[in-house]
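Worksheet: the structure to be examined is printed underneath.
Naming convention: chains lettered A, B, ... in sequence-line order (proteins, then strands); numbering from 1 in each chain. Please read these numbers as outputs of a predicted model, since none were measured by experiment.
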Number of protein chains: 2
Amino acid sequence: MAEQSQYAELVRQVSAVGVVKRGLSRMLPAECPAGPAAVLHLLDRHGEMQLIRLAELLAIDTSVTSRHVSHVAERGWIERSTDPCDRRSRILRLTPAGKELLDRLAEHCTDALARALDDWSDDDVGQLNAMLARLRGSFSGPGPGPRHPEVTRTPA
Amino acid sequence: MAEQSQYAELVRQVSAVGVVKRGLSRMLPAECPAGPAAVLHLLDRHGEMQLIRLAELLAIDTSVTSRHVSHVAERGWIERSTDPCDRRSRILRLTPAGKELLDRLAEHCTDALARALDDWSDDDVGQLNAMLARLRGSFSGPGPGPRHPEVTRTPA
DNA sequence: TATTGTTATACTCTATAACTATA
DNA sequence: TATAGTTATAGAGTATAACAATA
């Protein structure tokens, strides 16, 4: 159990991760922004899957996932085939073109990250990855609690 | 210097921090979303300052900062007084009402975080904070490199 | 009736660019 | 001319709700 000042600092640090995200986004081509890129990455890493599972891995709503998926499907980077076992669902699979794009992005991002993080050891990055994964786990668990209650509002 | 697989994982982890950010946002009242809340927090922590300095601390554009500041100023949580030394700039200062709101938010968030992170030690949180700060530093430095170049685009 | 996926709508956060007022 | 701040516009990302098709 940590102290309150640590929590406040954590909230600030998490908010400020936005700068890093935007930095990473700028490495991506306009045609394939961060959301769609994450779709390609997960399909490559975990293999073909249904949309609902993809949404779980992305930790976002299925409606949003559906749009990202449409984006990459329209460009031929993935294909959607109807599941013969359950014709409601569609199987999402990376195409060779998608794999090519992904490899190109990975290479490009690696170069840029290697420059930005040249003083980070492999172990440093591994530790940060582990802590972020743990943080996410702590938040997806029983839920972070209810929405903030009543606020004494100053009239607009 | 870390390996490529670690970088790829880092990109995913950073993207996925969004879940945590949204979890934190849900703790906030509708009247004071995350952006404005960060303004209050920084003014409390660093004392009165100009908008341009606030934008630096938030690591966002001054135009965006200006809107967040207007949001909290309209609700009486901060006051903007013209700097007598330089009448172009305005001094931003937390009001007692703003301080009250902030304390209420801090208490509420601390409770929720204490529940979500009950198995994190003070040291764990401190380490994560330090690594996130370092990560941000690595990205604000000489710049993460140029935008992604040409993409062999599949016709839409 | 429940589930998979899609679409419509709205909100937050952000950047770029054009503008005002002051230095 | 340059700087502090504001506003207009646009884009990415998200959630909620309503909907279609299938189970």
query: Going by atom types only, do B:T95 and B:E79 share a side-chain donor-acceptor pair under 3.5 Å?
result: no
I need the [atom1]-[atom2] distance between [X] and [N], as an integer number of Å.
X: A:D61; N: C:dT9; atom1: CG; atom2: C1'; answer: 14 Å
X: B:E31; N: C:dC11; atom1: CD; atom2: P; answer: 14 Å
X: B:R87; N: D:dT6; atom1: CZ; atom2: P; answer: 16 Å
X: B:L51; N: D:dT3; atom1: CG; atom2: C1'; answer: 13 Å
X: B:R53; N: D:dG5; atom1: CZ; atom2: C1'; answer: 17 Å
X: B:R26; N: C:dT12; atom1: CZ; atom2: P; answer: 14 Å
X: B:K21; N: D:dA12; atom1: NZ; atom2: P; answer: 17 Å
X: A:M49; N: C:dG5; atom1: CE; atom2: P; answer: 12 Å

message: Assuming nearest nucleotide by heavy-atom distance, tell me which of A:Q50 and A:S15 is located more 5' along DNA chain C.
response: A:Q50
message: Nearest heavy atom decides the nucleotide; on that basis, is B:C85 or B:T62 closer to the 5' end of DNA chain C?
response: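 First, find each residue's nearest nucleotide; the 5'-ward one identifies B:T62.
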- prompt: Just checking A:R80: base, sugar-phosphate only, or nothing, at a heavy-atom cut-off of under 4.0 Å?
  reply: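 Result for A:R80 = sugar-phosphate.
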task: Please evaluate the base of C:dT16 for a donor-acceptor partner in the side chain of B:S63 within a cut-off of under 3.5 Å?
output: yes
- request: May I ask you to verify whether the side chain of B:R67 and the base of C:dT14 hold a donor-acceptor pair under 3.5 Å?
  value: yes
Between [options], which one does the side chain of [X] approach most closely?
X: A:R22; options: D:dG5, D:dT22, C:dT14; result: C:dT14
X: A:V64; options: C:dG5, D:dT16, D:dT14; result: D:dT14
X: B:I52; options: D:dA4, D:dA12, C:dA17; result: D:dA4
X: B:S89; options: D:dA4, D:dT22, D:dT16; result: D:dA4

Under 4.0 Å from OP1 or OP2 of [N]: is there any side-chain N or O of [X] that close?
X: A:R90; N: C:dT6; result: yes
X: B:H68; N: C:dT14; result: yes
X: A:R88; N: D:dC19; result: no
X: A:S66; N: C:dT6; result: yes

query: What pair of heavy atoms forms the shortest contact from A:R87 to A:P84, and how long is it?
result: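 Answer, listing the atom of A:R87 first, then A:P84: CG-O, 4.5 Å.
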query: 5'-most contact on DNA chain D: A:D83 or A:G35, nearest heavy atom basis?
result: A:G35
Trace of the side chain to side chain contact (heavy atoms under 4.5 Å, CB included) decision for A:V69 with A:R80: CA-CA 9 Å; A:V69 163; A:R80 290 184 279 201; 3.9 Å; yes
query: Between A:S63 and A:D61, is a side-chain hydrogen bond (donor to acceptor under 3.5 Å, both in side chains) present by the stated rule, with each step listed?
result: CA-CA 5 Å; A:S63 65; A:D61 194 81; 2.7 Å; yes
message: Is the shortest side-chain heavy-atom distance between B:V11 and A:L113 below 4.5 Å?
response: yes
task: May I ask you to decide if B:T62's main-chain N or O and B:S66's side chain share a donor-acceptor pair within less than 3.5 Å?
output: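 Pair absent, no side-chain N/O of B:S66 close to backbone of B:T62.
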